[in-house]
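Working notes, structure below.
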Number of protein chains: 2
Amino acid sequence: MSRQRRSTIRDVAEKAGVSIATVSKYVNRQQSFSQAVEDKLRSAIADLGYSQNPMARSMVTGRTTAIGLAVMDIANPHYANVVKGANRVALENGYNLLVVDMEESIAAARPLLEALSPRTDGLIVSARIPPDVVKWLANLDKPVAFLGQPEGEDVLTVGTDSVQVASLLAQYLVRQGFRKFGYVGYSRASWNIERLRGLRDVLEPAGLALQVFDVDEPTSEAGERAAARALLRPDRPDVIIGCNDLVAIGLMSEARSLGFKVPEDVAFAGIDNIPTSRYVAPPLTTVDVCSQATGEVVMKQIMAMIENKPQPENLTLEPALIIRESTQRIPV
Amino acid sequence: MSRQRRSTIRDVAEKAGVSIATVSKYVNRQQSFSQAVEDKLRSAIADLGYSQNPMARSMVTGRTTAIGLAVMDIANPHYANVVKGANRVALENGYNLLVVDMEESIAAARPLLEALSPRTDGLIVSARIPPDVVKWLANLDKPVAFLGQPEGEDVLTVGTDSVQVASLLAQYLVRQGFRKFGYVGYSRASWNIERLRGLRDVLEPAGLALQVFDVDEPTSEAGERAAARALLRPDRPDVIIGCNDLVAIGLMSEARSLGFKVPEDVAFAGIDNIPTSRYVAPPLTTVDVCSQATGEVVMKQIMAMIENKPQPENLTLEPALIIRESTQRIPV
DNA sequence: CTGAAAGCGCTAACAT
DNA sequence: ATGTTAGCGCTTTCAG
């Protein structure tokens, strides 16, 4: 492996016999050139394999043409799809999307974002970070948007309304004839209270019971671990809602291992509509939270802010109920 | 939102009444200071909310303390887990991992990597990129490692041996008594021929048939679309291997929709051992390719190269057969 | 222990 | 159309 020094604008200028300013203008297509200069430049650049150093460029322009996206857990397909959406839009518009994974550790958020921020023109950040970091972000010298609503801060937010998402699901389940509800939440997430409220808004007026459980991480493994707690009890729920599909899938799987028939003995539903929710057994009823569209919309919003263009209106996306077999019980 | 200018080392120096060199040394903990200076510096930095601009720093040091990871498709849980592994190790060692998604588009690889490369001290790249880009990467002035073996280039590679992975699976399936094999490959991936060869190495000596099909993208949706082609034919295979779990899951799902009993009528197996392979119906037999460990190992390797430290030895990971119900047929 | 000054690779006035 | 020059924010000799 040849560890040759990367060639600079000065190398090109020298080889082509012009000034570095000319090279800069050529590389940035800022004007036209005499045929002679253009030819020399083209071949010098090709010979040297020169390409701009975006960092040096950024130092003077103050722009990076990169946008940062910090997610809680890239292994969660919901976030992976947000990334997909944001990435596509970014690339189409000449931006690079730089993704960092916060590993569900809110403690690590601050240093990660401090490192990411100066490398970007704008930031997209998962909502579940500490208030002081949110405040720091809000005072940053660049546009910031959040995926979900951070606690008690009035900041730019893109996504579905968590209350609405939960209500939508609860309404359907009530219609299906379920009477004893369980919710396995993730209390550390900012959206958890909202989802709970969405459920209660529907269940309390109807006089229906809601038992609440909690997992320590929003994963299928945690869902599996929580299943026994929710199921092996006299007042066992007849439907259990996972705070997201991952958790619901784990719950459902363990329920079957425990000998329960799904949905006959106990039904399950999730939230997110991750791709695999279709393929589990039985296919999981869930609410589509428009993961990819969220990424697209938040990216457009950030770009508009960077470029001082008129900004998109609708930052709240409409969730959609996805009915599958995991809740298809013949009503009693 | 206050769009105040980010404060610089000069602001801190002025406020603390010292030179910028002193601030720099303080921030980088390069020596000790008089109590007076230390106090002034601490409070000035706190007041101003100063933090270093890593780009400016990189300009002079030539180091970024960031490592780039370019994956084909972040929505593929295999890659998501590689990211997890790499990210954890990076963070533990004071590096930042910058992830970019190439969206399964090899055409976009070059510009993406050109933008990413100068922002990093080293690069980790999915193998499936064009030879000229591989060559360009190999001549870069920084360490590069590949996830898998790029076509015909002798470069640093981390991961499992695709031939071995496929052979391992085939051997087990032969032992299980399967006789007519199907493989649904993804011919655009560099590992496809190797996986095919691994299968043939086992099947041909045993005189067993292998029908080969192809998908145009390595996803569950593509697997679903391919299912009919592989199943609705007189010489239908009794076991079908998907080139990865995603494809296998799609195949299996569609097979069941088509009325086949799995594994009684036709069995399925995948490759990767993505988390959801456990939760589909029936649970999918697969080969663990150590996704997370791959990320960890490749990260350690890159760091060692950057820091000129002795490098890890084993860059080839040992795959493990994961036997689940999708192939558990009572042998004929 | 502290500071002055050079310069990383590049762009953006401002000349010519 | 092309060149000169002053920095962007920072680190790093080198002096003091």
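Keep in mind it's a predicted model, so treat the numbers as computed, not measured. Per chain, numbering begins at 1; letters A, B, ... match sequence-line order.
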Between Ser19(B) and Thr22(B), do the side chains contain a donor N or O and an acceptor N or O under 3.5 Å apart?
yes
Quick check on contacts: within residues 113-122 of chain A, what sits under 4.0 Å from DNA chain D by heavy-atom distance?
none
Can a donor-acceptor pair be found between the side chains of Glu103(A) and Ser105(A) at a distance below 3.5 Å?
no
Return the polar atom pairs (N/O with N/O) between nucleotides 6-8 of chain D and the protein under 3.5 Å, or none.
unit_1 : atom_1 : unit_2   : atom_2 : d
dC8(D) : O2     : Val60(A) : N      : 3.4

Please report the distance, rounded to the nearest Å, between NZ in Lys25(B) and C1' in dT12(D).
8 Å
Quick one: is dT2(D) close enough that its OP1 or OP2 comes under 4.0 Å of any side-chain N or O from Thr22(A)?
no
State whether a side-chain donor-acceptor pair under 3.5 Å links Gln149(A) with Thr157(A).
yes
Are a donor atom and an acceptor atom from the side chains of Arg6(B) and Ser51(B) found within less than 3.5 Å of each other?
yes
Where does the chain B footprint on DNA chain C start and end, counting 5' to 3' with a 4.0 Å heavy-atom cut-off?
dC1(C) to dG9(C)
Sequence-distant partners of Glu38(B), salt bridge (charged side-chain N to carboxylate O under 4.0 Å, His left out), two or more places apart
none
Nucleic acid contacts - residues 28-52 of chain A versus DNA chain D, non-hydrogen atoms under 4.0 Å:
Gln31(A), Ser32(A), Phe33(A), Ser34(A), Val37(A)
Starting from P on dG9(D), measure out to CZ on Arg57(A) and report it in whole angstrom.
17 Å
Where does the angle between the aromatic ring planes of Trp191(A) and Tyr186(A) fall among parallel (under 30°), tilted (30 to 60°) and perpendicular (over 60°)?
tilted
Give, for atom CD1 of Ile45(B) and atom NZ of Lys15(B), the distance between the pair rounded to the nearest 0.5 Å.
11.5 Å
Angle, rounded to 10°, between the helical axes spanning five pairs at each terminus of the helix from dC1(C)-dG16(D) to dT16(C)-dA1(D)?
40°
